[in-house]
Amino acid sequence: MKLHRVDLKRQYNRYRSEIDAAIKGVIHNTAFIGGEYVRSFEENFARYCGKQYCVGCGNGTDALHLALVALGIGRGDEVIVPAHTFVATVEAVVSAGATPVFADIEPDTYTLDPGHLSSLINSRTRAVIPVHIYGHPCDMEGISGVLEGKDIFLIEDTAQAHGAILDGRMAGTFGVAGCFSFFPGKNLGAYGDAGGIVSDDETLVKKIRRIRNHGREGRDDSFEKGINSRLDGLQAAILDVKLKHLEDDTERRRKVAALYTSLLSDVPGVVPPVEKPGARHVYHLYVIRADRRDQLGDFLKNAGIENGVHYRIPCHRLTAFRGDYGGESLPETERAVDEILTLPIFPELQPSEVRYVVRKIREFYGIEKGSH
Ligand SMILES: *Cc1c(COP(=O)(O)O)cnc(C)c1O
């Protein structure tokens with residue numbers, strides 16, 4: 001059996017006629033940049049999240065950058081980010097001119113540890129960017145508690161958590177801005193690069209709309225120092241089709257994850273992901289902790305099962321960014337990166353395929369086949 005970690009072809013085949021029609025429509029109307037398809041997706045995605053506004057942009061990294069810059073964050077400011085995230089979270093802070101400060105994570109959900117966050121706040125701290133990593137919402141109550149009464153912006157990196165919920169509220173709606181990536185492999189993915197910011201703050205949204213389009217409003221004057229980070233019509237039209245199926249896709253992911261977790265529960269050496277009470281995990285990635293992680297990864301690869309490590313080097317140890325860092329160790333992050341392994345997950349993954357993966361994991365650890 002050959003199993004991809006993500007198989008976008010299967011999803012295209014499910015929605016083929018709708019996607020093809022959407023693409024034809026955009027070309028027919030030559031609505032390539034901005035225009036009706038972008039407006040439609042922005043409205044629909046804002047509604048899905050329960051926010052007033054969504055601003056589409058070029059990618060998820062730009063979404064974070066735009067939010068930071070529009071909030072006036074830059075040189076001399078500190079922005080606290082978890083060290084255990086995709087490098088883009090850190091890049092956005094650096095490209096805004098601010099200094100990233102790395103926080104440790106909670107060992108069960110891999111998300112920002114509010115206790116450690118609290119110890120890092122000082123007079124230069126202007127923002128915190130919690131990351132709902134793998135699709136599990138962060139401890140927003142804990143984080144909000146730490147920020148209460150302080151003049152610090154809460155910006156969410158929701159690139160892996162479209163549709164994740166905590167206590168009835170969508171991930172990306174707790175702070176002043178929720179930043180999304182629609183990279184093809186994300187839970188809501190375009191057919192190229194795309195991103196977006198959701199917010200209820202009209203002034204902020206207006207500013208972001210200008211900055212993403214060269215600072216312009218109308219044709220002539222630039223009102224802000226801007227960039228070019230627009231969402232294009234083809235991506236917006238494809239995203240609008242896929243948004244209609246996002247809840248169904250999420251439920252499929254959750255079924256795949258539930259099957260993995262139940263089959264892995266009695267495998268010593270493996271710790272499946274958790275879902276905290278009140279949380280809806282959307283399983284962008286299905287990440288286990290595993291004894292002899294690298295050997296298990298190789299063993300699965302040899303059995304045709306693609307797998308990966310998200311992420312092998314924590315951000316405070318990346319060559320490009322470790323100069324910004326005092327070198328203090330972040331024990332939970334550093335332990336996690338040596339133990340985590342990402343198994344295949346996507347909405348179309350079949351129960352027989354999940355069983356195959358688990359059978360191979362049991363074989364690796366020398367466990368008798370038993371009832372599985
Ligand atoms: C994917 C991702 C981003 C960046 O998104 P791009 O669209 O690739 O720029 C940012 N943060 C996290 C946690 C991500 O997974």
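Note that these values count all heavy atoms, side chains included, but never hydrogens, waters or copies made by symmetry. In each ligand, atom 1 is the first atom listed, and ligand 1 is the first ligand listed.
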Please indicate whether Glu36 has more than 12 foreign heavy atoms, meaning atoms of other residues, nucleotides or ligands, lying under 6.0 Å from its CD.
yes

Distance-only N or O hit between ligand 1 and Phe182, under 3.5 Å:
no

For atom 9 (O) of ligand 1, the protein heavy atom that lies nearest, with its residue and separation:
Thr61 OG1, 2.5 Å

Quickly, which of Leu300, Val287, Leu3, Ile305 forms a side chain to side chain contact (heavy atoms under 4.5 Å, CB included) with Leu343? Name it, please.
Leu300

Nearest protein heavy atom with distance in Å, relative to atom 1 (C) of ligand 1
Lys186 NZ, 1.5 Å

Among Arg5, Arg10, Gln11, Lys9, which residue meets the side-chain hydrogen bond (donor to acceptor under 3.5 Å, both in side chains) test with Asp7?
Arg10

Going by the order shown, which atoms of ligand 1 are within less than 4.0 Å of some heavy atom of Val131?
13 (C)

Suppose we measure from atom 13 (C) of ligand 1 to each protein heavy atom; which comes out shortest, and what is that distance?
Asp157 OD2, 3.5 Å

Nearest protein heavy atom to atom 8 (O) of ligand 1, by residue and atom, and its distance?
Ser181 OG, 4.1 Å

Atom OG in Ser40, atom CZ in Phe45: separation rounded to 0.5 Å?
13.5 Å

Numbered in order shown, the ligand 1 atoms found under 4.0 Å of a heavy atom of Asn59 are 7 (O), 9 (O)

Looking at ligand 1, does Asp193 have a heavy atom less than 4.0 Å from it?
no

Are Phe182 and His162 near enough that their ring centres are under 6.0 Å apart?
yes

Taking 4.0 angstrom as the limit and counting only heavy atoms of Ala88, give me the atoms of ligand 1 inside it, by number and element.
3 (C), 4 (C), 10 (C)

State the atoms of ligand 1, each with its element, that fall below the 4.0 Å cut-off from a heavy-atom position in Thr85.
13 (C)

Ligand 1 to Gln160 polar contact by distance, N or O atoms, under 3.5 Å
yes

For Thr89, atoms of ligand 1 separated by under 4.0 Å from a heavy atom:
11 (N)

Val176 versus Leu204: any side-chain heavy-atom pair under 4.5 Å?
yes

Just jot down the ligand 1 atoms closer than 4.0 angstrom to any heavy atom of Ala159, in number order.
2 (C), 3 (C), 10 (C), 11 (N), 12 (C), 14 (C), 15 (O)

After noting the C-alpha distance and the side-chain angles of Arg359 and Glu363, does the key distance pass the salt bridge (Lys or Arg N to Asp or Glu O under 4.0 Å) rule?
CA-CA 6 Å; Arg359 201 156 61 235; Glu363 202 177 304; over 6 Å; no

Does the ring center of Tyr134 lie less than 6.0 Å from the ring center of Tyr283?
no

Pairwise side-chain contact, Leu349 with Tyr260, heavy-atom cut-off 4.5 Å (strictly under)
yes

